[in-house]
Amino acid sequence: MKRLLQQNTVFIVSLVIVLALAAVGVAAPKELDAWTAWLHGAIIDRFGWCYLVAAFFFLLFSLAFAFSPYGQIKLGQDHEKPRFSLFGWFSMLFAAGMGIGLIFWGVAEPMSHYLNPPPYLAGESGEAAKFAMRYAFFHWGFQPWAIYIVMSLSIAYFSFRRGMPPLISSCFYPLLGQRIYGPAGLCIDILAVFATVFGIVTSLGLGAIQINAGLGSVFQFSAGFGTTLAIIAVVTVLFMISSMTGLDKGIQILSKTNVMLAVLLLAFMLVVGPTTMVFNIFTSTLADYLSSLFSMSLSTNPFRGYEWTQSWTLFYWAWWISWSPFVGLFVASISRGRTIREFVLGAMLAPTLLTFLWFSVFGGAAFHLELHQGASIASAVAEDVSTGLFKVYASYPLSNVLTLVTVLLLVVFFVTSADSATFVLAMMTSGGLETMSALKKLTWGGTVSATAAVLLFSGGLEALQRMAIAAALPFTAIMLLMCYSLLKGVRYEHRHEKRAKKPSLLE
Amino acid sequence: MLKTAVVKVSLKEGPGRMVEMVAALRSFGTQEVHLVHVRSSAGRAFPERKRLQLERVREKAEALGLAAEVHILEGHAPTRILQAAWQLDADYIAIAWVHKAVLRQALLGSIDGDIVRMSDSPVFIFKHRFLGRTESLDSVLYATDFQATDSRVMPYLKNKEFQARAMYMLHVGERAPDPATEKTRREEVLANLTRLANECAHAYESVETLEAVGPVGRTIIKTAKVTGVDLVIVGKVDTPDMFKKLIGSVADQLPHRASCSVFIIPGYGPGRGAESEAGREAA
């Protein structure tokens, strides 16, 4: 019994605390809201700059790693080959890392920045439009992937190369030694479970609201809590089924299907929409993004526009960092057998390129309607962020089909996100075992869905999102230490083991 | 092996501390000391008061049974001291370390630090202890990395003229990335330490091996404090590593931070400590 308790410490402690917090969210949503708003405000206000510096550091660190001699090291044993094809790998990367959020913000983010840019720019101006696209690229570009890469690279290296369990605490062996099995390691793993649960619950809640809005616009019903609850129930059943089939089948097949659907939707919008304008936006924004990457990466706009930076850039960075344990563990588990260079460049360039195209096509379509056809997309987004995309579809042929395809995309991204989160949560709370018990998957799946539903009802969802973002602060420190630990580990291998493998001239 | 020493005398050390250091040199089997004072203000007459001070130190060194000679030189102090060591065929350079405040050191630099950094000969840095013995050695600690420096340092440690009762052999390494590799690494470290300990076991009453993981400089200092040794011995390698050049090697940092005396033996270069001795013996 004692041994069983020891093995399941992370599972028991994190489950109890998550349920307790969810109970507080139900019983006293206003108090929780006020408390988390204060915590979130205090963190972003005081430590926001840390997120900017850390995210930029992660980008430089990942690139330096890829182009260093360490880039040749394989995330697995030397003879191992990648378990998934390139397409399967990219699809799962994209589905886990961005997917649902990109559909949510594809139209909404450029329109929001266009309507409400920082105070040094006039809203609804040409400069605001340029700024809107550049910052949409920035918020979904290299930095988020660099954050994920740092986490997943560390986990993959220490797990598949060094034979340790795929846990975040394992990445600290060069620094902590055997203490990773003690309270320090447990705290790291429990914090990772929190961030994952809070992140996925928020994401599912917001995803369900958008699916509801989409279905409401097609079938002409007013989206209410009952339908949102039904959507969560259906999606829960779907991701539980997918989760039971494992990585090779469920998640991979769904992710591939989804990326194909997304590419089809993208191609349709590109051909039917303002193609030339989209390409103009893509090329000029790409140039704009690359040339101002350095200044955007480190600028908090302390004189004018600091509030804007806080509510957008700093929020995003904290959000990506809080998501990183989940995406990092998942991405690590699908990247076994790739070299560090292949992994970093693949994970940084392929999803980013698709994301840039997505923003150019959907943001470009929205700008075309807003600027040339007098459609008020921006004001619709200002009213309700979740309906922006469907407002764009309303001006396109086959709008109902497009809406249904998008809803399907949302559902499948929803399922893959929840499925991979369940997989990761079960793995993190099973001491890193890849063959974790079905009961744990079911427990986490049920907890995540029930918490999302209950908090949607009580209004505590935003509070939980703030909790996830609050968890990003300790995680930033953890990730910085992780970079150092990874560097130590890889340097050790390069110095000692590679040297030992070189044939001696004396032999 | 350490028969002749060039002793840097700045006259800021205080006569008591200088004599204490000269007495400590006897623990290495030193028989001859060259007291070198370098003055930067060329042209002006050398103050008689300083000359008398130097003479007093020489007399006290001779009273301790050492052959002593005073040299007054002019120019850039570290360069002149190193040149003197070369010209006088000294086996090592001895410095009575004078602590400088961080700001002062940052602005004015440190002559002693520059000697340590520039020297290709062994350098002994004497640190006065307010409590406990300083004139004779009881225990010493050799921090080894099992690299090139071992071949240079071990001849000194094996030499019976090097008079100390106990020897601690310390290796500070970096932890391997996983438990299995770490176990193998530690086994290798222990085997190497035991080999080195056996090599010099005849020269000491007791030889103890120690193994630690962590930042090298800090761990050496901590271990020296815990074991209460009188002297830390380290090898020094000129590294092409840019980062280490910026922050200084462990050997460069130790004199500033250690509370006991430090002996730095260069791993390679035109240093003539062990090699010149071997050459003399062969002749």
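These numbers come from the heavy atoms of this one structure, side chains and all, not from hydrogens, waters or symmetry mates. Everything numeric in this text was worked out from a predicted model, so none of it was measured. A, B, ... follow the sequence lines: proteins, then strands. Residue 1 opens every chain.
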Legend entry - Greater than 12 external heavy atoms within 6.0 Å of B:Arg218's CZ: no

Inset, instruction - Kindly check if the number of other-residue, nucleotide or ligand heavy atoms within 6.0 Å of CZ (B:Arg186) is above 12? - result: no

Inset, instruction - Spell out the residues in residues 473-486 of chain A that have some non-hydrogen atom less than 4.5 Å away from a non-hydrogen atom of chain B, in order of number; otherwise answer 'none'. - result: none

Inset, instruction - Indicate the atoms forming the closest heavy-atom contact of B:Pro177 with A:Met164, along with that distance. - result: O-SD, 3.7 Å

Inset, instruction - Tabulate, in ascending numerical order, the residues of residues 167-180 of chain A having at least one heavy atom closer than 4.5 Å to a heavy atom of chain B, or enter 'none'. - result: A:Tyr173, A:Pro174, A:Leu175, A:Leu176, A:Gly177, A:Gln178, A:Arg179

Legend entry - B:Glu174 to A:Tyr492 - nearest heavy-atom pair and separation: O-CE1, 3.7 Å

